[in-house]
Amino acid sequence: MAWYSILPPELTHLESWVARIFFFLGLITIGPWAFLVLLDATIWIYRLILWEVPYIGGRARGRQRPRAPSLNERPGGQRRAFGLRGVETDAGDNEGDLIPMDKTYKSRVALRKSVLDQHHDIVVAINNDETPEEDSRIRPAISELYNFMLGTYLPTRYPSMFRLYAESSFFQNLVTGATWPTTLSPTTPTIQALEILSQTVDEDFLILLPEISPDSEEQPRYVLQAYATCFPAGFNTREKLGLRLADIHSPVPRYQERIGRSMDKFFARIEVGKFVKRLNWSITIGTDLFAAFGGTHAMSGKKEEAIELGKLNVDQTVLRCERQTLHRLPVSKALVFIVHTYVYPIRQIKDEGSGEDLANAVDGLKRGNVPEIHTYKRGDVWGEALKDFLRA
């Protein structure tokens, strides 16, 4: 009998089996975590060695030095969170998912470049560009966003798609082959930074700054000072340039009454290093991703007839969703509103079994705290016909 045993000699074998069971359970519990730590350490050491190799290593190619791994970060530096289902999930408050990527990237950026070429003055603009009234804060804000995206975020977050070279002074898009400097030279027009951003990632950018001379001592009001929007949802962004938030949202029913005053306060409270995220949706019929000339929202004073049941053009009807994020730049303190647009054919939604969910969401537009949103989203036109199709 072992010296630590508290059982009589004839029961020692039971104690040994219990110890073995607890040892096995300990391996099951601790083993996966120990494996992850060992795997991360191995990958980090491998990347560190590869980074030092002359000519072909990361140092020679202008990449950032590998970061030491931990249970909270992947070897690339982005934060991770572990879910109960045994898969990694995005932790919504980190900048790792600030810019999402998917398999449509190449075709979508090609479309963005085409839209930029055809509608340049609508897609990119700066308030009072190159006039005495231009806000001197705008160029530093755009330059900061541009440098962060090309010089830091994209090559770090997606190293298989983007890379830096020549001492990190040049950015290369490995998917499209495009190459750009990571910083704006003094002679580079500010508008060019917006042009490059609009065809480098599948996102729309809107840059907001507080008014220089507010009307009162109340919370400063934010103004749209620059943007790059290839996929506006039913409005011409150029017409919103230089406007306050309340004026930008003037067509939205009861915006000023419900949230107008609180939005500027909310914007002012956004801290550097954090970002907020929200989603919205709408139904569009026969409109492209570039929808700057209407088709999404009801027009004031224009009466439209409701689509008859069974007459909905299903093949041209889509669910349009926007993934919106808002974050503050650390130096200029400008707010950057980023929009990623997704479209899903209505027929696909029904075939996947989500038709009833979408029909219920359409019904919910009338039951919200602002029922007028149903009309604003043109639900009076397509609502009944769409629900009839989804529930058939």
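Note that the structure is predicted; figures quoted are calculated from it, not measured.
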Requested in this report: Could you tell me whether the side chain of Thr188 and the main chain of Leu184 form a donor-acceptor pair under 3.5 Å?
Outcome: no
Requested in this report: Take Glu203 and Val339, measure what side chain to side chain contact (heavy atoms under 4.5 Å, CB included) needs, and give me the verdict at the end.
Outcome: CA-CA 6 Å; Glu203 317 293 317; Val339 181; over 6 Å; no
Query raised in the report: Between Glu352 and Ser354, is any side-chain donor less than 3.5 angstrom from a side-chain acceptor?
Result: no
Report task. Would you check if Val252 and Ile373 make a side-chain contact, meaning some heavy-atom pair closer than 4.5 Å? Result -> yes
Report task. Return the minimal non-hydrogen interatomic distance between Ile207 and Ala334, and the atom names on each side. Result -> CG2-CB, 4.1 Å
Query raised in the report: With Ile270, which residues qualify under side chain to side chain contact (heavy atoms under 4.5 Å, CB included), at least two apart?
Result: Phe266, Val276, Leu326, Arg328, Leu335
Query raised in the report: Taking Tyr146 for the side chain and Gln192 for the main chain, is one N or O donor matched with an acceptor at less than 3.5 Å?
Result: no
**Report entry** Over 12 foreign heavy atoms within 6.0 Å of NZ, Lys113
**Finding:** no
Report task. Take Asp97 and Lys277, measure what salt bridge (charged side-chain N to carboxylate O under 4.0 Å, His left out) needs, and give me the verdict at the end. Result -> CA-CA 10 Å; Asp97 60 352; Lys277 178 170 61 177; 3.4 Å; yes
Report summary line: Between Thr325 and Arg323 the two heavy atoms that sit nearest each other are CG2-NH1, 3.6 Å
Query raised in the report: Parallel under 30°, tilted from 30 to 60°, perpendicular over 60°: which one fits the rings of His374 and Trp382?
Result: tilted
Requested in this report: Using atom types as modelled and distance alone, determine if a side-chain donor or acceptor of Thr287 lies under 3.5 Å from a backbone N or O of Thr284.
Outcome: no
Report task. Compare all side-chain heavy atoms of His327 with those of Ile338 and state whether any distance is below 4.5 angstrom. Result -> yes
Report task. Give the intermediate values and the outcome of side chain to side chain contact (heavy atoms under 4.5 Å, CB included) for residues Thr341 and Leu289. Result -> CA-CA 8 Å; Thr341 303; Leu289 276 166; 3.8 Å; yes
Query raised in the report: Val223 versus Leu209: any side-chain heavy-atom pair under 4.5 Å?
Result: no
Report task. Could you tell me whether a side-chain N or O of Ser143 sits under 3.5 Å from a main-chain N or O of Arg139, the two making a donor and an acceptor? Result -> no
Query raised in the report: Would Met263 end up clustered with Leu224 when hydrophobic side chains under 4.5 Å apart are linked, directly or stepwise?
Result: yes
Requested in this report: Would you check if Val115 and Gln118 make a side-chain contact, meaning some heavy-atom pair closer than 4.5 Å?
Outcome: no
Requested in this report: Indicate yes or no: at least one non-hydrogen side-chain atom of Arg137 is less than 4.5 angstrom from one of Pro210.
Outcome: yes
**Report entry** Flag, side chain of Thr156 to backbone of Tyr153, donor-acceptor distance under 3.5 Å
**Finding:** no
**Report entry** Thr182 vs Leu164 side-chain heavy atoms within contact, under 4.5 Å
**Finding:** yes
Report summary line: Residues passing the side chain to side chain contact (heavy atoms under 4.5 Å, CB included) test with Thr176, sequence neighbours excluded, are Val109, Asn173, Ala178
Query raised in the report: Do Asp351 and Arg347 sit within salt-bridge range, that is, some charged N less than 4.0 Å from a carboxylate O?
Result: no
Query raised in the report: Is the shortest distance from a Lys or Arg side-chain nitrogen in Glu322 or Arg278 to a carboxylate oxygen in the other one below 4.0 Å?
Result: no
Report task. Going by the side chain to side chain contact (heavy atoms under 4.5 Å, CB included) test, name the single residue among Val123, Leu206, Val124, Ile122 that passes it with Thr229. Result -> Leu206
Query raised in the report: With hydrophobic residues grouped by side-chain heavy-atom distances under 4.5 Å, do Val343 and Phe293 end up in a single group?
Result: yes
Query - Transitive ILVMFWY side-chain link Leu241 to Leu243, under 4.5 Å - result: yes
Query raised in the report: Can you say whether the rings of Tyr255 and His249 are parallel (under 30°), tilted (30 to 60°) or perpendicular (over 60°)?
Result: parallel
Report summary line: Apart from Val331 itself, members of its ILVMFWY cluster (side-chain separation under 4.5 Å) are none
Query raised in the report: Are side-chain heavy atoms of Met161 and Leu174 found at a separation under 4.5 Å?
Result: no
**Report entry** Leu245 vs Phe267, side chain to side chain contact (heavy atoms under 4.5 Å, CB included): CA-CA, chis, key distance, verdict
**Finding:** CA-CA 10 Å; Leu245 288 176; Phe267 276 35; 3.6 Å; yes
Report task. Just do the side chain to side chain contact (heavy atoms under 4.5 Å, CB included) check on Asp204 and Cys230 with the steps written out, would you? Result -> CA-CA 6 Å; Asp204 289 338; Cys230 290; 4.0 Å; yes
Query raised in the report: Under 3.5 Å, is there a donor-acceptor pair between the side chain of Glu134 and the main chain of Asp129?
Result: no
Report summary line: Residues Ala193 and Ile142: closest non-hydrogen pair is CB-CG2, 3.7 Å
Report task. Kindly determine whether Tyr227 and Phe205 satisfy ring pair (Phe, Tyr, Trp, His ring centres under 6.0 Å), including the steps that lead there. Result -> CA-CA 5 Å; Tyr227 69 83; Phe205 296 92; over 10 Å; no
Report task. State, to 0.1 Å, how close Leu312 and Leu386 come at their nearest heavy-atom pair, and which atoms those are. Result -> CD2-CA, 3.8 Å
Query raised in the report: Do you know the tightest heavy-atom contact between Gly242 and Asn127?
Result: CA-ND2, 3.6 Å
Query - Sidechain-backbone polar pair: Arg163 side chain, Pro155 backbone, donor-acceptor under 3.5 Å - result: no
**Report entry** salt bridge (Lys or Arg N to Asp or Glu O under 4.0 Å) partners for Glu271, two or more places apart
**Finding:** none
Query raised in the report: In terms of hydrophobic clusters joined by side-chain contacts under 4.5 Å, are Phe35 and Ile43 together?
Result: yes
Query raised in the report: Looking only at side chains, do Asp380 and Thr375 share a donor and an acceptor under 3.5 Å apart?
Result: yes
**Report entry** Short side-chain to backbone donor-acceptor contact, Asp264 and Tyr222, under 3.5 Å
**Finding:** yes
Report task. Look at the aromatic rings of His340 and Tyr342 and report parallel, tilted or perpendicular, splitting at 30° and 60°. Result -> tilted
Query raised in the report: Is the NZ or CZ atom of Lys377 positioned over Trp281's six-membered ring, under 6.0 angstrom from the centre and within 45° of the axis?
Result: yes
Query - Geometric cation-pi criterion, Arg112 with Phe231: 6.0 Å, 45° - result: yes
**Report entry** Backbone N/O of Glu195 and side chain of Gln199: donor-acceptor pair under 3.5 Å
**Finding:** yes
Report task. State the NE2-CG distance between His120 and Leu194, to the nearest 0.5 angstrom. Result -> 9.0 Å
**Report entry** Residues forming a salt bridge (Lys or Arg N to Asp or Glu O under 4.0 Å) with Glu304, sequence neighbours excluded
**Finding:** Arg378
**Report entry** hydrophobic_cluster_shared for Met149 and Val272, side chain cutoff 4.5 Å
**Finding:** no
Query raised in the report: Partners of Arg391 by salt bridge (Lys or Arg N to Asp or Glu O under 4.0 Å), sequence neighbours excluded?
Result: Glu356, Asp363
Requested in this report: Determine whether the aromatic ring centres of Phe235 and His297 lie less than 6.0 Å apart.
Outcome: no
Query - Flag side-chain contact, heavy atom, 4.5 Å: Phe171 against Leu154 - result: yes
Query raised in the report: What heavy-atom pair brings Pro232 and Thr237 nearest, and what distance separates the two atoms?
Result: CB-OG1, 3.7 Å
Query - Heavy-atom donor-acceptor pair, Ser107 side chain to Thr104 backbone, under 3.5 Å - result: yes
Query raised in the report: Checking side chain to side chain contact (heavy atoms under 4.5 Å, CB included) against Tyr376, which of Ser282, Pro371, Pro251 comes through?
Result: Pro251
